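Notes for the one structure printed next.
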Amino acid sequence: MRIRPRTLTLLAVALVLPAAGCTRILNDASAITISGTPPAPPEPEPEKPKLVEVTKDAIVIHEKIQFEFGKADIKAASHGLLNEIVSIMQATPQIKKVSVEGHTDDVGSNKSNQKLSEARAASVVKYLTDKGVEASRLTSVGHGEEKPLDTADTDEARAKNRRVEFKIVEQEEITETYKVDPETGERKAVETGN
Amino acid sequence: MKTHIKRFTTFAICTAMFASGCILRSTEDYTRDVRAELETKNGDIRSCYDAQLASDPSVSGDVVVTFKVAKKSGTITDVAVDPSSTAPAALSDCIATSIDGLALDPGDMAPAEATYTYRFKAG
């Protein structure tokens with residue numbers, strides 16, 4: 001039997017087309033992985049420079065205490081600074097006595113400057129005691145214009161000379177004993193005493 | 001005679017495919033080609049994931065999507081998210097929006113019903 005080519009074509013198309021019409025089921029076993037990038041943790045805020053620092057013999061302030069012009073009234077802008085001194089004194093009972101020392105510039109008479117420096121030092125002591133520092137730990141003294149930091153005849157020098165200082169006049173001595181690991185050089189406190 | 005039958009069968013298949021502008025793939029090839037098409041949208045989906053990670057760095061999970069592939073045009077339609085998905089709804093929506101309307105090129109002579117899984121991992 002001889003089959004015509006046209007018959008064969010039709011036969012083949014008839015076979016293929018139904019197969020093409022069948023719905024395929026596609027089930028991909030392996031997941032499409034999406035890797036995300038979590039945001040980087042925020043950088044820690046830079047530490048604020050300390051306004052107040054305790055050294056061996058003084059409580060050093062890195063900001064000026066501001067007073068009303070020609071008076072001993074402390075401006076509100078300086079309350080934060082003084083509150084920090086209160087915190088330090090309360091947290092450091094080893095500091096037994098602090099001398100609060102007022103200084104002025106050389107504008108005006110010696111007498112009035114002396115009086116103003118004393119009044120300003122006393123005003124600071126009052127503020128600190130009102131905030132809870134024991135009065136027995138504080139004394140006040142005024143030096144007027146006698147102890148300038150800068151003797152230049154400039155506004156900058158005069159601004160530098162108008163100041164209040166906190167000198168530690170009595171404190172407990174603290175002894176700390178450390179043991180040093182000879183291999184690592186690591187230091188470990190083993191004893192703390194007065 | 002057998003030679004004639006083979007020759008004409010091949011001719012007929014080729015003619016039918018040429019006339020329709022599409023091909024007839026094996027199931028494996030179909031699965032692979034659809035996956036490749038889906039992966040063209042991975043960048044968009046990764047952006048959605050990164051946005052989610054910005055608010056919650058621990059977000060992860062799977063999204064299982066089902067859809068149809070139209071015959072000849074190869075267009076992806078009827079995208080749906082399977083309830084077994086474990087990733088947040090925002091990611092499911094993102095996938096559905098991204099892949100809906102994609103089209104295989106060339107299309108296939110057969111339509112398909114497909115199931116694919118997306119896995120979200122914080123790198």
Side-chain angles (χ1 to χ4, degrees), chain A residues 1-53 62-63 80-81 83-84 87-88 91 181 183-189, chain B residues 1 4-5 7-13 15-17 20 22 24-28 30-32 34-35 38-39 42 45-60 62-64 68-69 71-72 87 91 95 108-123:
Chain A
M1 187 183 79
R2 185 182 168 83
I3 303 173
R4 286 185 180 180
R6 188 180 292 172
T7 313
L8 275 176
T9 305
L10 289 172
L11 189 66
V13 170
L15 285 170
V16 168
L17 287 182
C22 292
T23 299
R24 306 284 186 78
I25 303 299
L26 312 179
N27 206 336
D28 195 342
S30 69
I32 299 170
T33 302
I34 306 290
S35 296
T37 312
E43 280 188 22
E45 277 185 30
E47 211 173 288
K48 282 184 184 174
K50 284 183 180 173
L51 287 181
V52 183
E53 216 177 332
H62 296 295
E63 202 179 276
L81 173 65
N83 291 344
E84 215 165 302
S87 301
I88 284 178
D181 187 321
E183 283 181 11
T184 62
E186 196 184 340
R187 214 170 65 143
K188 212 172 183 181
Chain B
M1 181 63 197
H4 277 296
I5 293 172
R7 194 177 294 161
F8 283 108
T9 306
T10 308
F11 172 75
I13 292 171
T15 305
M17 282 165 51
S20 65
C22 54
L24 185 63
R25 297 171 170 87
S26 68
T27 304
E28 289 74 26
Y30 210 155
T31 307
R32 186 201 61 214
V34 169
R35 182 187 179 101
L38 294 179
E39 285 176 341
N42 279 7
I45 296 169
R46 187 174 296 116
S47 298
C48 293
Y49 186 34
D50 286 344
Q52 287 288 306
L53 285 170
S55 54
D56 179 1
S58 66
V59 169
S60 61
D62 290 354
V63 175
V64 181
K68 290 178 179 169
V69 184
K71 70 177 178 184
K72 294 186 184 175
L91 293 176
I95 292 171
D108 199 280
M109 291 171 73
E113 288 179 4
T115 304
Y116 284 80
T117 302
Y118 284 86
R119 181 152 298 149
F120 292 94
K121 274 185 189 174

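Values below: every heavy atom of this structure, side chains too, minus hydrogens, waters and symmetry copies. Everything quoted here is computed from the prediction, not taken from an experiment. So that the names make sense, note that chain A is the first sequence line, chain B the second, and so on, each numbered from 1.
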| Can you tell me how far the CZ atom of B:Arg46 sits from the OG1 atom of A:Thr37, to the nearest 0.5 Å? | 7.5 Å
| request: Verify whether one side chain among A:Arg24 and B:Thr31 offers a donor that lies under 3.5 Å from an acceptor in the other. | output: no
| query | What distance do B:Glu113 atom CD and A:Asn27 atom CG have between them, rounded to the nearest 0.5 Å? | reply | 11.5 Å
| Of all residues at least two apart in sequence or in a different chain, which pass the ring-ring contact (aromatic ring centres under 6.0 Å, His included) check with B:Phe120? | B:Tyr49
| query | Under a 4.5 Å heavy-atom cut-off, does chain A meet the side chain of B:Ser55, its backbone, both or neither? | reply | neither
| From A:Ile32 CD1 over to B:Leu38 CG, what is the distance, rounded to the nearest 0.5 angstrom? | 4.5 Å
| request: Heavy-atom pairs under 4.5 Å with chain B are the metric here; pick the option from A:Pro38, A:Pro39, A:Gly36 that has the most. | output: A:Gly36
| Gap separating the CD1 atom of A:Ile34 from the NZ atom of B:Lys121, nearest 0.5 angstrom | 11.5 Å
| query | Distance from B:Thr27 atom OG1 to A:Leu26 atom CG, nearest 0.5 Å? | reply | 7.0 Å
| field | Contact origin within B:Glu28 toward chain A - heavy atom pairs under 4.5 Å | value | neither
| query | With sequence neighbours excluded, what pairs up with A:Glu63 under the salt bridge (Lys or Arg N to Asp or Glu O under 4.0 Å) test? | reply | none
| said: Return the OG to CZ distance between A:Ser35 and B:Arg119, rounded to the nearest 0.5 Å. | reply: 11.5 Å
